[in-house]
Visitor: 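Please read through the structure below; I'll follow up with questions.
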Amino acid sequence: MDLQIETPRLRLRPWRMEDLEDFYQYCKDPDVGPWAGWKPHENIEESREILTRWVAGKEDGFELALELKETGKVIGSIGVMEDGHRPEIPGCRNLGYVLGKDYWGRGLMTEAVRKVIDYTFQTMKLRLLTITHYTINSRSRRVIEKSGFRYEGTLRSATAIYNGELRDLCFYSMRAWEYWAMRAKEAGFSMGLPEDLDRDQLEAMQREFVEGDHGDVVPFGLDPKDMSFERWLERTVAWRKVVPKPTYAKSTLYILTSGKTGPAGALDLRHYLTPRLLTGGGHIGYGIRPSLRGNHLAPYMLGLGLEKAMEMGIDKGLVCCDEDNPASARTIEDCGGVLESAKEGLRRYWITI
């Protein structure tokens with residue numbers, strides 16, 4: 001396996017047998033293994049046996065050495081593998097790690113976890129990444145919380161460790177759309193309501209959509225349809241509470257914006273599905289401003305839009321795109337979309353929220 005991930009201070013790379021001494025040094029420490037539930041290694045031959053398996057590779061994931069760039073010393077490991085508690089869930093993997101005691105408290109593991117999370121969602125295209133820690137391991141809990149995982153609950157007497165001691169286990173997870181929403185916020189993006197934004201900037205984006213998309217404005221709610229700005233805004237606000245006919249659903253139009261880009265796109269969130277929306281249209285229609293396309297902003301917007309859907313109480317979102325729009329299909333899949341059907345020119349995806 002040639003996978004290598006760089007962080008400011010670490011090199012995450014495949015294990016080599018030359019790492020044996022460094023591996024044994026932290027694995028024999030009585031203050032390291034027990035926190036993760038495994039027995040400290042009694043001799044270097046025990047470490048050699050385990051390292052040999054790691055060097056050979058894993059079929060269900062990977063295990064990487066944490067090499068400190070400054071010294072070249074291996075100080076821990078990080079891996080992604082099948083989640084034993086959810087083995088039948090497609091697109092789901094579990095993250096685990098360990099760090100030598102001499103390197104605790106420096107933020108090194110948080111640094112490594114961040115980059116591995118990026119890899120799992122951007123390259124592996126996971127839908128769900130999980131992680132656990134024993135209730136006694138407050139250091140691991142802090143890393144997990146800083147990394148943005150959502151706490152699911154604690155399973156009492158979840159496992160018996162090597163010495164027969166029963167331990168409670170805390171469970172966390174991150175969905176693909178949650179990952180993109182988190183990174184969007186870190187990049188300074190948010191979802192604003194049209195009435196709260198600068199009018200000139202918003203009108204400029206509307207014109208760009210009309211001219212750049214040859215009049216076919218996406219999403220639907222942004223289309224001024226030859227109305228004045230005041231009338232369009234009045235209609236947009238009203239649609240959150242009433243609709244002109246039963247085939248339409250109440251909806252909220254959100255604008256993706258940041259201090260750097262201004263209005264960067266729009267997302268129309270329907271509060272529920274009518275029979276018409278169920279066959280095509282779905283809960284969300286969205287579009288990135290033509291001049292900003294190609295900057296990978298669409299997963300940011302869809303992630304933030306699904307967060308708004310969660311706040312509305314929607315637990316499963318339908319998102320559709322035309323079959324001749326592979327960029328939109330990739331965005332939906334990046335955010336965890338599962339393809340239900342592709343027919344009559346339309347791809348229909350469901351995303352668990």
Side-chain angles (χ1 to χ4, degrees), residues 177 180-181 183-240 243-244 248-270 277 280-309 317 319-335 337 345-347 349:
W177 69 262
W180 287 107
R183 291 291 184 258
K185 293 173 188 176
E186 291 173 354
F189 286 93
S190 62
M191 299 294 258
L193 296 171
E195 64 267 28
D196 297 330
L197 302 179
D198 180 86
R199 171 175 173 168
D200 291 339
Q201 290 185 349
L202 191 52
E203 282 191 291
M205 184 175 74
Q206 281 183 321
R207 287 194 298 272
E208 215 177 283
F209 268 104
V210 171
E211 296 165 5
D213 288 346
H214 309 291
D216 183 19
V217 181
V218 178
F220 170 78
L222 188 68
D223 192 345
K225 298 186 182 297
D226 298 321
M227 302 178 194
S228 67
F229 182 85
E230 291 79 6
R231 178 69 187 93
W232 168 81
L233 185 59
E234 182 182 83
R235 184 201 66 171
T236 298
V237 173
W239 272 50
R240 298 171 202 164
V243 290
Y248 289 82
K250 296 176 185 177
S251 63
T252 300
L253 182 70
Y254 292 101
I255 307 299
L256 178 71
T257 185
S258 77
K260 183 177 180 180
T261 64
L267 181 143
D268 192 36
L269 175 60
R270 295 96 195 208
L277 289 172
H283 285 100
I284 288 175
Y286 66 93
I288 294 294
R289 187 172 186 163
S291 62
L292 292 176
R293 291 172 186 168
N295 292 305
H296 309 292
L297 299 182
Y300 283 178
M301 182 162 62
L302 184 53
L304 290 170
L306 289 163
E307 184 175 66
K308 294 294 186 184
V319 188
C320 306
C321 69
D322 293 335
E323 284 201 86
D324 61 358
N325 191 347
S328 185
R330 284 194 298 271
T331 294
I332 298 168
E333 290 166 4
D334 282 350
C335 287
L346 187 71
R347 297 175 70 88
Y349 292 89

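Computed from heavy atoms alone, side chains included, the values below leave out hydrogens, waters and symmetry copies.
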Visitor: For residues Ser328 and Cys321, report the shortest heavy-atom separation together with the two atoms involved.
Guide: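 The pair with the smallest heavy-atom distance is OG-CB, 3.4 Å.
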Visitor: About how many Å separate CG of Asp268 and OH of Tyr286, when rounded to the nearest 0.5 Å?
Guide: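 Output value for this atom pair is 13.5 Å.
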Visitor: Is Glu195 reaching over with its side chain to a backbone N or O of Val237, donor-acceptor style, under 3.5 angstrom?
Guide: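 No, the answer is negative, given that no donor and acceptor are paired below the 3.5 Å cut-off.
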Visitor: Between Glu203 and Arg199, is there a side-chain N and carboxylate O pair less than 4.0 Å apart?
Guide: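 Salt bridge between Glu203 and Arg199, a charged N being under 4.0 Å from a carboxylate O: yes.
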Visitor: From Asp196 CG over to Ile255 CD1, what is the distance, rounded to the nearest 0.5 angstrom?
Guide: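 Going from CG on Asp196 over to CD1 on Ile255, the span is 10.5 Å.
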Visitor: Taking the side chain as every heavy atom from C-beta outward, state whether Ile288 and Asn295 have any atom pair closer than 4.5 Å.
Guide: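 With C-beta onward as the side chain, the pair stays apart.
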Visitor: Testing the basics here: between Gly221 and Trp232, what is the closest heavy-atom pair and its distance to 0.1 Å?
Guide: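 Scanning both residues, the minimum pair turns out to be O-NE1, 3.1 Å.
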Visitor: Check step by step if side chain to side chain contact (heavy atoms under 4.5 Å, CB included) holds for Met205 and Leu197.
Guide: CA-CA 12 Å; Met205 184 175 74; Leu197 302 179; over 6 Å; no
Visitor: If you measure from CG on Leu222 to CD on Gln206, what distance do you get to the nearest 0.5 Å?
Guide: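 Separation between the atoms: 5.0 Å.
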Visitor: Identify, with sequence neighbours excluded, every residue that meets side-chain hydrogen bond (donor to acceptor under 3.5 Å, both in side chains) alongside Arg231.
Guide: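 Only Glu234 meet the side-chain hydrogen bond (donor to acceptor under 3.5 Å, both in side chains) criterion with Arg231.
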Visitor: Using 0.5 Å steps for rounding, measure from the CG atom of Leu202 to the CZ atom of Arg207.
Guide: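 So the gap between those two atoms works out to 10.0 Å.
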Visitor: With distance as the sole test, does Asp322 use its side chain to make a donor-acceptor pair with the main-chain N or O of Asp324 at under 3.5 Å?
Guide: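 The answer is no, because no donor-acceptor pair under 3.5 Å joins these two groups.
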Visitor: Does the side chain to side chain contact (heavy atoms under 4.5 Å, CB included) test come out yes or no for Thr252 and Leu193, once each step is laid out?
Guide: CA-CA 8 Å; Thr252 300; Leu193 296 171; 3.8 Å; yes
Visitor: Supply the atom-to-atom distance Leu302 CG to Leu267 CG, rounded to the nearest 0.5 angstrom.
Guide: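 So the CG of Leu302 and the CG of Leu267 are separated by 7.0 Å.
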Visitor: Can you see which heavy atom on Pro194 is nearest to which on Arg240, and at what distance?
Guide: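 Pro194 and Arg240 have their closest heavy atoms at CD-NH2, 3.8 Å.
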Visitor: Locate the shortest heavy-atom distance separating Ser258 from Gly188; write the atom from each residue and the value.
Guide: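 Heavy-atom minimum between the residues: CB-O, 3.3 Å.
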Visitor: Show the nearest heavy-atom pair for residues Leu346 and Gly280, with the distance to one decimal.
Guide: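 Heavy-atom minimum between the residues: CD2-CA, 3.7 Å.
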Visitor: Tell me whether Arg183 contacts the main-chain N or O of Tyr300 through its side chain, where contact means a donor paired with an acceptor under 3.5 Å.
Guide: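 Such a contact is absent between Arg183 side chain and Tyr300 backbone.
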Visitor: What's the spacing between Leu304 CG and Trp180 CH2 if we round to 0.5 Å?
Guide: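 Answer rounded to 0.5 Å: 11.5 Å.
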Visitor: Under 3.5 Å, side chain of Arg289 to main-chain N/O of Pro263, donor-acceptor pair present?
Guide: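 Yes.
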Visitor: Taking Lys225's backbone N and O only, do any of them form a donor-acceptor pair with Asp223's side chain (distance below 3.5 Å, no angle check)?
Guide: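 Such a contact is found between Asp223 side chain and Lys225 backbone.
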Visitor: Ignoring hydrogens, what is the shortest heavy-atom contact between Leu306 and Trp177? Give both atom names and the distance.
Guide: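 Looking at all heavy atoms of both residues, the closest pair is CD1-CB, 3.5 Å.
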